[in-house]
Amino acid sequence: MGKDSERTEMNDTPNGTAALVGDQIRVRMAPSPTGYLHIGGARTALFNWLFAKHHSGKFILRIDDTDMARSTDESMHEIYDALRWLGINWDEHYVQSERRSIYDGYVEKLLESGNAYHCYCTPEELEEIRTQARLDKQTRSYDGRCQHLSSEAVERFVAESRKPTVRIKMPDTPIRIDDIVLGSRVIDPATLEDEVIVRSNGMPNYNLTSIIDDAEIQITHVIRGTEHLNNTPKQIAIANALGLKVPQFAHIPLVLDSSGRKMSKRHHGDLVAVNRYREQGYLPEAMLNFVVRLGWSYDDKQEIFSLDELIEKFDIARIGKSGSVFDIKKLEWLNSHYINQLDIAARTDAVIPFWQKEGLLDDATEDRDRLESIVEAIGERLTTLQDIIPQTRYFFTNPDGYDPKAVKKWWGNSEEKRGKTSEILTTVLQILEEIPTFNLQTIEAAIWKYTDENNIKRVAAMQALRIALTGTSFGPSLFDIVVLLGRNETLKRIPKAIAHL
RNA sequence: GCCGCUAUCGUCUAGGGGUCAGGACAGAUGGUUCUCAGCCAUCAAACCGGGGUUCGAAUCCCCGUAGCGGUACCA
């Protein structure tokens with residue numbers, strides 16, 4: 001995707017000049033750049049992308065940045081970055097703030113045809129109208145009062161230098177929505193109010209720009225979260241008033257937290273940020289596989305899907321209607337699966353940045369073979385790449401302490417037991433000092449000869465030694481550790497542990 | 001308040017007029033190993049409630065209930 005996205009970032013994709021497309025499927029993802037890409041956004045992007053890929057259509061990225069106050073460039077680039085990391089590439093790219101004149105033209109049309117009108121109500125007045133409507137148990141709050149303003153009233157407002165908004169006049173006939181996921185329904189126009197489509201500062205609003213662009217860019221299917229369900233009739237009304245073609249809609253259920261609420265930046269912070277998972281050492285394959293199964297399934301057996309399989313098997317009709325809870329345990333399972341899928345070389349590559357970030361590895365000076373051996377020794381013990389740190393720290397630095405729980409259990413908490421442990425470690429030290437060839441086989445043979453002949457439980461000796469060497473009670477085969485540490489380092493660490501006893 | 005959406009194990013889901021309601025994650029137990037992880041085996045765990053329709057309802061219909069979403073000059 002490299003080249004394409006370079007162009008994209010430089011913004012030289014011609015805006016508003018989409019080529020003619022016939023009946024090719026065209027979908028879009030339209031994030032507003034007000035923060036990082038979040039889990040739900042990633043899933044929306046993926047569903048759109050898969051739908052496009054499955055049908056050999058186009059996936060379009062559109063930045064909905066009409067809220068100038070909240071949109072930032074930084075956020076826009078974070079979204080590009082996260083999408084790229086996931087491997088979701090786009091065929092076309094648009095930025096709404098650069099398309100202002102297009103929207104202005106349509107607003108002009110709406111005003112001329114009488115389908116929209118100026119509203120001079122102040123935010124305070126609107127607030128009042130709202131509370132009153134609520135008190136009266138009304139379905140709508142704004143009553144369309146500015147539609148019939150006398151010219152004197154308008155003059156007065158202008159004299160007060162009130163800047164009007166533009167409102168769309170809602171139709172009085174029912175609006176039908178045929179939703180691919182939710183089915184068909186008819187919306188009673190009495191529930192629709194005349195929405196603001198242009199702010200008093202002249203900037204058009206989401207409901208206007210979104211549906212205009214969908215038509216302009218020739219989007220065939222709008223796949224988005226159900227939080228937009230209530231916007232759909234409004235957008236259809238705008239499109240109808242403008243004579244624009246309406247895309248097909250598919251509203252996908254929300255991603256929920258463990259208590260069943262919508263996952264949002266506001267309430268969950270960076271727990272929903274795709275980047276956070278990247279930084280913690282989740283693989284894009286795992287994220288994709290995880291997120292696609294939230295609300296979608298292929299059959300009753302398959303959980304693991306490669307991207308190619310997903311493209312082949314994705315079927316929008318199989319998206320469920322109810323929200324799905326984000327379960328980190330499932331993500332972790334998938335992530336460890338994909339990590340284990342990596343061969344040792346690739347896994348080592350993946351893990352090196354984490355060692356470096358932790359300061360355990362300076363640069364590439366470290367012996368590559370040793371790094372790979374370490375990774376190999378760790379085996380299937382990584383849930384995230386980040387786990388490489390607690391799992392391997394002792395290979396790079398002296399243990400800076402001994403895990404108290406482990407010490408209590410395996411070194412013992414009585415004078416007598418500690419003495420015994422000390423004895424064992426001293427003997428092991430001696431064995432390792434004197435062993436002629438220092439390798440896995442010789443060490444294993446020598447230590448087991450010692451434990452078995454002296455009636456010492458293997459586990460007791462091994463765990464005592466493990467703690468001495470690593471500070472912890474878990475990890476790979478101890479003989480692997482000893483060999484990887486090397487004779488010198490091993491012989492240095494054992495006396496330290498004995499002294500600590 | 002109003003408008004709307006949804007409802008199968010704790011979670012993701014399969015199924016969808018007659019099934020022992022299936023799988024996966026998580027959980028529990030046992031086995032294996034120097035520990036942990038893993039692996040193997042086993043276990044536990046669900047059709048929101050009430051009415052219809054029907055020989056038969058988790059499945060179709062209605063009514064509740066609950067949860068969620070929206071209710072901005074945000075998207």
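Just so we're on the same page: letters track the sequence lines, and every chain starts at 1.
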Practice item. Could you tell me whether Glu125(A) and Arg145(A) have a side-chain N and a carboxylate O separated by less than 4.0 Å? Key: no
Any protein N or O atoms within reach of nucleotides 47-50 of chain B? Criterion: under 3.5 Å, listing atom names and distances.
none

**Study point:** Rounded P spacing from A21(B) to G64(B) in Å
**Key:** 31 Å
**Study point:** Phosphate OP1/OP2 of U35(B): any Ser477(A) side-chain N/O under 4.0 Å
**Key:** no
Review point. Whole Å only: how far is the CD atom of Gln391(A) from the C1' atom of A37(B)?
Key: 8 Å
Exercise for review: Could I get the full list of ring pair (Phe, Tyr, Trp, His ring centres under 6.0 Å) partners for Phe479(A), not counting sequence neighbours?
Suggested key: Trp448(A)
Check your understanding: What integer number of Å spans the P atoms of C62(B) and G4(B)?
Key -> 15 Å
Point to revise | Carboxylate-amine/guanidinium contact Arg70(A) Asp67(A), below 4.0 Å | key: yes
Review point. Is the base of C34(B) touched by the side chain of Arg466(A) through a donor-acceptor pair closer than 3.5 angstrom?
Key: yes
Check your understanding: For atom C1', what is the distance between G49(B) and U8(B), given to the nearest Å?
Key -> 15 Å
Review point. When the C1' atoms of A46(B) and G51(B) are considered, how many whole Å apart are they?
Key: 23 Å
**Study point:** Whole-Å distance separating the CD atom of Glu380(A) from the C1' atom of C39(B)
**Key:** 8 Å
Review point. Quick one: which of C2(B), C73(B), C25(B) gets closest to the side chain of Lys137(A)?
Key: C2(B)
Review point. Is any side-chain N or O of Ser258(A) closer than 4.0 Å to OP1 or OP2 of G10(B)?
Key: no
**Study point:** Protein-nucleotide distance (Glu195(A), atom CD; A72(B), atom P), rounded to Å
**Key:** 8 Å
Exercise for review: Indicate whether OP1 or OP2 belonging to G15(B) is found under 4.0 Å from a side-chain N or O atom of Arg318(A).
Suggested key: yes
Check your understanding: What integer number of Å spans the C1' atoms of A45(B) and C20(B)?
Key -> 15 Å
Point to revise | Within residues 319-335 of chain A or reaching into it, pairs that qualify as salt bridge (Lys or Arg N to Asp or Glu O under 4.0 Å) - sequence neighbours excluded | key: Glu303(A)-Lys330(A)
**Study point:** Partner nucleotide of G4(B) by Watson-Crick or wobble geometry (both distances under 3.5 Å)
**Key:** C68(B)
Review point. Can you find a side-chain donor-acceptor pair between Asp65(A) and Gln96(A) that sits under 3.5 Å?
Key: no
Point to revise | Watson-Crick or G-U counterpart of C39(B), or none if no pair lies under 3.5 Å | key: G31(B)
**Study point:** Pairwise C1' distance for C47(B) and C60(B), with rounding to whole Å
**Key:** 15 Å
Point to revise | Nearest heavy atoms of Ile467(A) and Trp411(A), plus distance in Å | key: CG2-CZ2, 3.5 Å
Polar pairs (N or O, both sides) under 3.5 Å between protein and nucleotides 5-9 of chain B?
residue : atom : partner   : partner atom : Å
C5(B)   : OP1  : Arg185(A) : NH1          : 2.7

Review point. So which of residues 31-44 of chain A are in contact with RNA chain B, with a heavy-atom cut-off of under 4.0 Å?
Key: Ser32(A)
Study note, to complete from the structure: Nearest-nucleotide check on RNA chain B, Gln96(A) vs Gly320(A); residue mapping nearer the 5' end is Gly320(A)
**Study point:** Salt bridge Asp214(A)-Arg62(A), side-chain N to carboxylate O under 4.0 Å
**Key:** yes
Practice item. Could you work out which one of G22(B), C73(B), C34(B) sits closest to the side chain of Asp300(A)? Key: G22(B)
Exercise for review: From the options U35(B), G22(B), C12(B), select the nucleotide whose nearest atom is closest to the side chain of Arg381(A).
Suggested key: U35(B)
Exercise for review: Using a heavy-atom cut-off of under 4.0 Å over every strand shown, decide if Arg70(A) touches base, sugar-phosphate, or nothing.
Suggested key: base
Check your understanding: So, does the side chain of Ser200(A) form a donor-acceptor pair with the base of C73(B) at under 3.5 Å?
Key -> yes
Review point. Salt bridge check: are Asp179(A) and Arg185(A) linked by an N-O gap of less than 4.0 Å?
Key: no
Review point. Parallel, tilted or perpendicular for Tyr120(A) and His118(A), by the 30°/60° rule?
Key: tilted
Check your understanding: Would one find a side-chain N or O of Arg224(A) under 4.0 angstrom from OP1 or OP2 of A75(B)?
Key -> no
Check your understanding: Taking NZ, NE, NH1 and NH2 as the nitrogens, is one of them in Asp452(A) or Arg458(A) under 4.0 Å from a carboxylate oxygen of the other?
Key -> yes
Check your understanding: What nucleotide, of G23(B), A72(B), C3(B), holds the atom closest to the side chain of Asn230(A)?
Key -> C3(B)
Exercise for review: Check whether any side-chain nitrogen or oxygen of Arg458(A) sits under 4.0 Å from OP1 or OP2 of C34(B), and answer yes or no.
Suggested key: yes
Review point. Does any residue of residues 441-450 of chain A have a heavy atom under 4.0 Å from RNA chain B, and if so, which ones, in number order?
Key: Trp448(A)
**Study point:** Neighbour count >12 (heavy atoms, 6.0 Å) for atom NZ, Lys265(A)
**Key:** yes
Review point. Does a distance-only test, which skips hydrogens and angles, find a donor-acceptor pair under 3.5 Å between the side chain of Glu303(A) and the base of G23(B)?
Key: yes
Practice item. Could you measure between the two P atoms, the one in U33(B) and the one in C9(B), and give it in whole Å? Key: 40 Å
Practice item. Please evaluate the base of A72(B) for a donor-acceptor partner in the side chain of Asn205(A) within a cut-off of under 3.5 Å? Key: no
Point to revise | Distance, C1' atom - from G18(B) to U54(B), rounded to whole angstrom | key: 12 Å
